[in-house]
Every structure is written in structure tokens, then in C-alpha cells.
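One structure below.
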Amino acid sequence: MTKNPEILAIEFSNSLQARLTHEQLQEVVQRNAVETSLNICHSHDFCDANMVLYEVFLKNGMDPAIEGGFDLWGSLWDRTWNLAKFQEFNITKL
């Protein structure tokens with residue numbers, strides 16, 4: 001089980017890359033670049049990105065949906081998401 005946000009962000013980015021086309025991911029990055037709210041990620045325009053990250057957490061032995069799960073892993077969830085978004089979901093590696 002990893003609790004490293006950098007590794008989780010890579011796994012999240014890889015999972016999004018498996019679900020979305022390169023063009024869709026480019027559009028996500030472009031929309032995020034002009035988005036004024038830091039709490040919005042345009043990956044949701046193309047898929048249920050919460051479920052994508054949730055699957056990554058489950059794979060790593062963490063279930064934020066259990067009682068107390070958000071208290072345990074909410075901060076890690078946010079750090080992971082923000083890091084993946086900041087790194088533009090590694091689309092330059094495609």
C-alpha cells in the first residue's frame with residue numbers, strides 16, 4: 001500500500017489515460033488552465049474522475065468511502081488530485 005501522493009498521482013494519471021483519448025486529456029488540461037476555481041477539474045467533463053481516483057485508492061488498500069475514511073485519506077486524496085492536475089496528468093508522456 002502506497003501513501004505517497006506522487007506515486008498515487010502517477011497511477012491516477014495513468015488510469016485517466018486508459019479511459020480518455022489523448023485529445024480529451026489535452027482538452028482537460030486546456031480547460032483547467034483557464035479555470036478560475038482551484039476546486040474544479042475538467043476531467044469530470046469526460047468521465048467520473050472521482051471513481052477513477054477511488055479505484056486507485058482501493059488498489060492501494062485505502063477506502064475513503066468507509067466510515068472515517070475521509071478523515072484518514074481525505075488530505076491524501078486532495079494532494080494526489082492536485083499533484084496530478086498540476087502535472088497535467090502526464091499527457092506529455094503520451
Side-chain angles (χ1 to χ4, degrees):
M1 168 173 53
T2 183
K3 293 184 181 178
N4 181 321
E6 290 83 11
I7 293 171
L8 292 169
I10 291 168
E11 290 182 25
F12 177 44
S13 296
N14 289 344
S15 292
L16 280 176
Q17 289 175 19
R19 286 170 174 79
L20 304 179
T21 67
H22 183 67
E23 291 75 22
Q24 288 172 320
L25 277 170
Q26 286 179 316
E27 185 66 25
V28 168
V29 169
Q30 290 172 356
R31 291 179 189 183
N32 284 346
V34 296
E35 178 58 56
T36 57
S37 174
L38 296 175
N39 296 322
I40 293 177
C41 178
H42 287 277
S43 56
H44 292 286
D45 298 350
F46 299 94
C47 69
D48 187 343
N50 285 317
M51 289 306 299
V52 176
L53 185 53
Y54 180 64
E55 291 170 6
V56 169
F57 268 64
L58 285 179
K59 187 178 107 184
N60 283 280
M62 299 172 282
D63 188 350
I66 63 170
E67 186 174 336
F70 185 76
D71 293 332
L72 289 171
W73 298 298
S75 175
L76 180 59
W77 179 284
D78 291 341
R79 286 193 321 266
T80 298
W81 196 301
N82 288 326
L83 184 57
K85 185 176 162 184
F86 176 76
Q87 294 175 338
E88 298 181 337
F89 304 103
N90 294 317
I91 65 168
T92 57
K93 295 181 180 182
L94 293 176

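We number each residue from 1, following the sequence as shown.
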Next on the checklist: Applying side-chain contact (heavy atoms from CB on, under 4.5 Å) to Asn50 and Trp77, what does each step give before you reach the verdict?
Outcome noted: CA-CA 10 Å; Asn50 285 317; Trp77 179 284; 3.8 Å; yes
Next on the checklist: Please determine whether side-chain contact (heavy atoms from CB on, under 4.5 Å) holds for the pair Thr21 and Phe46, giving the CA-CA distance in whole Å, both sets of side-chain angles, and the decisive distance to 0.1 Å.
Outcome noted: CA-CA 10 Å; Thr21 67; Phe46 299 94; over 6 Å; no
Shortest non-hydrogen contact from [X] toward [Y]:
{"X": "Lys85", "Y": "Ser37", "answer": "NZ-O, 4.3 Å"}
{"X": "His42", "Y": "Val28", "answer": "O-CG2, 3.7 Å"}
{"X": "Val52", "Y": "Ser15", "answer": "CG1-CB, 3.4 Å"}

I need the [X] [atom1] to [Y] [atom2] distance, nearest 0.5 Å.
{"X": "Phe89", "Y": "Ser43", "atom1": "CZ", "atom2": "OG", "value": "5.0 Å"}
{"X": "Cys47", "Y": "Leu16", "atom1": "SG", "atom2": "CG", "value": "5.0 Å"}
{"X": "Phe70", "Y": "Asp78", "atom1": "CZ", "atom2": "CG", "value": "6.0 Å"}
{"X": "Leu8", "Y": "Leu83", "atom1": "CG", "atom2": "CG", "value": "9.5 Å"}
{"X": "Gln26", "Y": "Glu88", "atom1": "CD", "atom2": "CD", "value": "10.0 Å"}
{"X": "Ile10", "Y": "Gln87", "atom1": "CD1", "atom2": "CD", "value": "6.5 Å"}

Next on the checklist: Using the ring pair (Phe, Tyr, Trp, His ring centres under 6.0 Å) criterion, which residues pair with Tyr54? Sequence neighbours excluded.
Outcome noted: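 Ring pair (Phe, Tyr, Trp, His ring centres under 6.0 Å) check on Tyr54 returns nothing, list empty.
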Item to check | 4.5 Å side-chain heavy-atom contact, Trp73 and Ile66 | outcome: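 Yes, their side chains come closer than 4.5 Å.
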Item to check | Min side-chain heavy-atom separation Leu72-Met62 under 4.5 Å | outcome: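 SC-SC contact between Leu72 and Met62 ruled out.
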Checklist entry - Any ion pair linking Glu55 and Lys59 (charged N to carboxylate O, less than 4.0 Å)? => result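 Looking at Glu55 together with Lys59, the answer is no, because their closest N to O distance does not fall below 4.0 Å.
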Checklist entry - So, the side chain of Glu11 versus the backbone of Phe57: is there a donor-acceptor pair under 3.5 Å, distance only? => result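 Checking the backbone N and O of Phe57 against the side chain of Glu11, no donor-acceptor pair under 3.5 Å is found.
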Next on the checklist: Whether the side chain of Lys3 engages the backbone of Asn60 through a donor-acceptor N/O pair (distance < 3.5 Å, no angle test) should be reported.
Outcome noted: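 It does not hold such a pair.
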Item to check | Leu58 with Leu53, same ILVMFWY side-chain cluster at under 4.5 Å | outcome: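 Yes.
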Next on the checklist: Using the rule that Ile, Leu, Val, Met, Phe, Trp and Tyr join whenever any side-chain heavy atoms are under 4.5 Å apart, tell me whether Met51 and Leu76 fall into a single cluster.
Outcome noted: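 Both belong to a single hydrophobic cluster.
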